[in-house]
Amino acid sequence: MRKLHVYIPLILALMAIVPGCSKDVLNQRSPDKLESDLYWTSKERALSGLAAAYSQVEGFIYWDNYVEARSVREFYREDYVEAGDDAYNYSWWIEHFNFNFTSGNYAIDLLWRENYRGIYYTNQVLENVAAMQPSMIDDASRKQILGEAHFLRAYYHYKLLVDFEKIIIRDKVPQKEAELPKGLADRKETWDFICNELKAAEAVLPLRSERPDAELGRATKGAAQAFLGKVYLYRAGEDKGAAPALLAASSDWFSKVLASNQYHLEDNYMSMFNGVGKNTAESIFELQQSSDVNNGASYGSYLADWMAASQMGGYGEIYGTPRLLTEMLKEGKTATDQLYDHRVYANLVFNDPYFNDANNPRAYGYTYNQIFEAGTNVVAFRKWIPASLDRLGNDNALNIPLIRLADVMLMQAEVLNELGKPGAMSLINDVRARAKMPALNLTVKDDIFKQIMHERVMELTLENCRYYDLRRWGLLETEMKEAGRKYTADKAFYPLPLKETVNNPMAN
């Protein structure tokens, strides 16, 4: 693995306090003292503070968290992957694949640290923008900035709660050291907090169509609605007694997204994952990357190198399994053009005539046999790899959809099926149609659920859904065992980071 660093301007510098001069020398402010009332004085500075709050989404600005730690956490815990040879040189990586991580694992520590850093920045925005005088910021801008901050505070807490059984709710900026230690909240309290934050955001955020192009990527009403639907669905998987009410709430929020006419399935599925398409009509909330290098900034990453097979010129850290290929090919060549489901070709490169046509080399301008040794059966991923292999070894600006319409449609289909309401098959078939797959007419609840499981593999492999889907379905142990993985039930959640339990006596 080649360890390269991503440099961007230090966003915290935007929040530095620049004291003004006083005519009365006896009343000068200390030049080395941070005083927030001197900073939060205009809409521009409020937006700078909001930029700092956005900066921690997915830990993007740090190489070790975004490219390495995030990848091993989100990808290695899927049951359809295998770690590449190089991964075994890094014990803190392979502990996730083998499910033998401990509280001292670096990737777990980073997950906790970066999300709480995001929460800290967000709390600054919420407290200080709310306190700004009307002469400093107009009411509409204040409401929108606060709405985005509520969305981000929900998002960071959500990212923590899906991976830790209990977390700390941080809803204010600590004013003194004694306020730093804080106990863990139970899951219901934390889920309620996240839902309330998202509802506060949804009430004031604009629709996507109301955002100017320059603001694409910032939170919208649809993003808050989509995550509310997802949160209630996840809660239903944990609380069987309240599941009917939670599923009904989930469906209501998903319905708002679908009825808004703000989002549409992207015709070119693959373009959402290779840098060709950014903020497509399908994207509801998306991590922004850019090739803009003005002022020494770099908003791209080397994730593609981490993802690409070594035979393709990447680091070779992750591969698909034969079991994944079997699942993706199980409907046979039933697409309308007599091929397999088109999503398999966008997600994988595998040993198949489709990729071995010398007259039409579809694997980045090569045939499978030109990239891999003839006769082998390597299953390599295409997701998160640029459209040209020539880009490997370079900083690439590939946006990452964090929630998109196809995911919402399949989640809504699942909810409707569970509630015994009509409409599930229509949503499933709409998603399938993009992949040139024929419509299905399933009527038995269990058959529809199994089809949804399949469609989520086809659509969302390596999009940080599979592990959490299996857990909420109660299938995690079964599927991991079938995959030959070393999973045990005590590894369903990460342990609290060692640093937190050592430094916060109330977290034990």
Side-chain angles (χ1 to χ4, degrees), residues 4 6 58 60 66-67 70-71 74-75 78 80-81 216-217 264-292 298-320 324-325 328 339-350 352 354-355 360-368 370-372 378-407 431 434-436 457-465:
L4 304 171
V6 176
E58 301 301 308
F60 174 68
Y66 179 70
V67 175
R70 178 178 179 270
S71 298
E74 296 193 358
F75 303 152
E78 292 201 8
Y80 284 128
V81 307
L216 286 178
H264 306 280
L265 292 177
E266 169 64 31
D267 289 339
N268 185 347
Y269 171 88
M270 193 174 183
S271 70
M272 294 184 287
F273 316 111
N274 63 7
V276 172
K278 294 189 176 186
N279 300 307
T280 69
E282 183 166 340
S283 175
I284 299 175
F285 187 56
E286 185 164 309
L287 177 65
Q288 305 297 298
Q289 299 190 33
S290 171
S291 299
D292 183 357
S298 177
Y299 297 97
S301 78
Y302 287 81
L303 175 64
D305 292 74
W306 196 95
M307 290 298 311
S310 59
Q311 298 92 332
M312 297 163 65
Y315 302 166
E317 310 295 1
I318 189 169
Y319 293 84
L324 171 61
L325 187 60
M328 287 192 160
L339 292 172
Y340 291 114
D341 186 315
H342 284 209
R343 291 169 292 190
V344 69
Y345 305 116
N347 277 291
L348 305 175
V349 178
F350 58 101
D352 184 80
Y354 180 90
F355 286 116
N360 187 12
R362 294 186 174 100
Y364 300 96
Y366 302 92
T367 65
Y368 177 91
Q370 287 174 326
I371 297 176
F372 305 95
V378 175
V379 179
F381 286 110
R382 301 188 81 179
K383 220 168 219 177
W384 314 128
I385 297 172
S388 171
L389 293 185
D390 293 342
R391 288 297 309 163
L392 293 179
N394 294 281
D395 195 3
N396 286 288
L398 277 69
N399 278 16
I400 306 293
L402 300 174
I403 192 165
R404 56 187 178 87
L405 182 61
D407 187 10
V431 173
R434 173 174 54 190
K436 306 301 181 186
V457 173
M458 301 305 298
E459 274 288 326
L460 299 162
T461 290
L462 297 186
E463 292 186 57
N464 198 28
C465 294

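Scope of the values below: all heavy atoms of this structure, side chains included, with no hydrogens, waters or symmetry mates.
Note that OG of S271 and NZ of K278 are 12.0 Å apart. Values are rounded to the nearest 0.5 Å. Note: R382 CZ to L462 CG = 14.0 Å, rounded to the nearest 0.5 Å. Atoms CE and CG, on M272 and L405 in that order, are 9.5 Å from each other to the nearest 0.5 Å. Once rounded to the nearest 0.5 Å, the distance linking CG of D395 with OG of S301 reads 6.5 Å. Rounding to the nearest 0.5 angstrom, the gap separating the CZ atom in F372 from the OG atom in S310 is 8.0 Å. The CG atom of L303 lies 9.0 Å from the CD1 atom of I385; values are rounded to the nearest 0.5 Å.
Residues passing the side-chain hydrogen bond (donor to acceptor under 3.5 Å, both in side chains) test with S388: none are found, sequence neighbours excluded. Scanning for side chain to side chain contact (heavy atoms under 4.5 Å, CB included) contacts around V457 gives Y80, L324, E327, M328, T461, R466, with sequence neighbours left out. Partners of A281 under the side chain to side chain contact (heavy atoms under 4.5 Å, CB included) rule, at least two apart in sequence or in another chain, are H264. Under the rule for a ring-ring contact (aromatic ring centres under 6.0 Å, His included), Y366 has no partner lying at least two apart in sequence or in another chain. Residues satisfying the side-chain hydrogen bond (donor to acceptor under 3.5 Å, both in side chains) test with Y269, not counting sequence neighbours, are N347, K383. Partners of S290 under the side chain to side chain contact (heavy atoms under 4.5 Å, CB included) rule, at least two apart in sequence or in another chain, are D292, Y299. Scored by the ring-ring contact (aromatic ring centres under 6.0 Å, His included) test, Y354 finds Y345 as partners (sequence neighbours excluded). Listed by chain and number, the residues in a salt bridge (charged side-chain N to carboxylate O under 4.0 Å, His left out) with R404 are E282, E459, E463 (sequence neighbours excluded). Partners of N279 by side-chain hydrogen bond (donor to acceptor under 3.5 Å, both in side chains), not counting sequence neighbours, listed by chain and number: Q288. Scanning for salt bridge (charged side-chain N to carboxylate O under 4.0 Å, His left out) contacts around D352 gives an empty result, with sequence neighbours left out. Scored by the side-chain hydrogen bond (donor to acceptor under 3.5 Å, both in side chains) test, Y364 finds no partners at all (sequence neighbours excluded). For the side chain to side chain contact (heavy atoms under 4.5 Å, CB included) test, residues two or more places apart in sequence or in another chain that qualify with N464 are E74, K159, Y468.
Across every non-hydrogen atom of A387 and V276, the tightest pair is CB-CG2, 4.0 Å. Residue L392 comes nearest to A308 through the heavy atom pair CD1-CB, 3.8 Å, listed as atom of the first residue, atom of the second, then distance. The two residues V349 and A363 have their closest heavy-atom pair at CG1-CB, 4.1 Å. Nearest approach of E78 to V81, heavy atoms of both residues: O-CG2, 3.3 Å. D341 and A435 get closest at one heavy-atom pair: OD1-CB, 3.2 Å. Between Y319 and F381 the shortest heavy-atom distance is C-CE1, 3.3 Å.
Between K436 and L339, every side-chain heavy-atom pair lies at or beyond the 4.5 Å cut-off.
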(message) Applying side chain to side chain contact (heavy atoms under 4.5 Å, CB included) to I318 and M307, what does each step give before you reach the verdict?
(response) CA-CA 6 Å; I318 189 169; M307 290 298 311; 3.7 Å; yes
(request) Would you check, one step at a time, whether the test side chain to side chain contact (heavy atoms under 4.5 Å, CB included) holds for D407 with C465? (result) CA-CA 9 Å; D407 187 10; C465 294; 4.0 Å; yes
(request) Carefully, step by step, assess V378 and Q311 under the rule side chain to side chain contact (heavy atoms under 4.5 Å, CB included). (result) CA-CA 10 Å; V378 175; Q311 298 92 332; 4.0 Å; yes
(request) Report the C-alpha separation of I371 and F355 in whole Å, then their side-chain angles, then the decisive distance to 0.1 Å, and conclude whether the side chain to side chain contact (heavy atoms under 4.5 Å, CB included) test is met. (result) CA-CA 10 Å; I371 297 176; F355 286 116; over 6 Å; no
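At distances below 3.5 Å, at least one donor-acceptor pair connects side-chain atoms of R434 with backbone N or O atoms of E266. With hydrogens and angles disregarded, no donor-acceptor distance shorter than 3.5 Å links the side chain of D305 to the backbone of G314. Under the 3.5 Å distance criterion, the side-chain polar atoms of N394 are left unmatched by any main-chain donor or acceptor of N396.
Taking the six-membered ring for Trp and the full ring otherwise, F350 and Y368 have centroids separated by 6.0 Å or more. Ring pair F273/W384: centre-to-centre distance below 6.0 Å.
A side-chain N or O of N399 and one of E286 form a donor-acceptor pair less than 3.5 Å apart.
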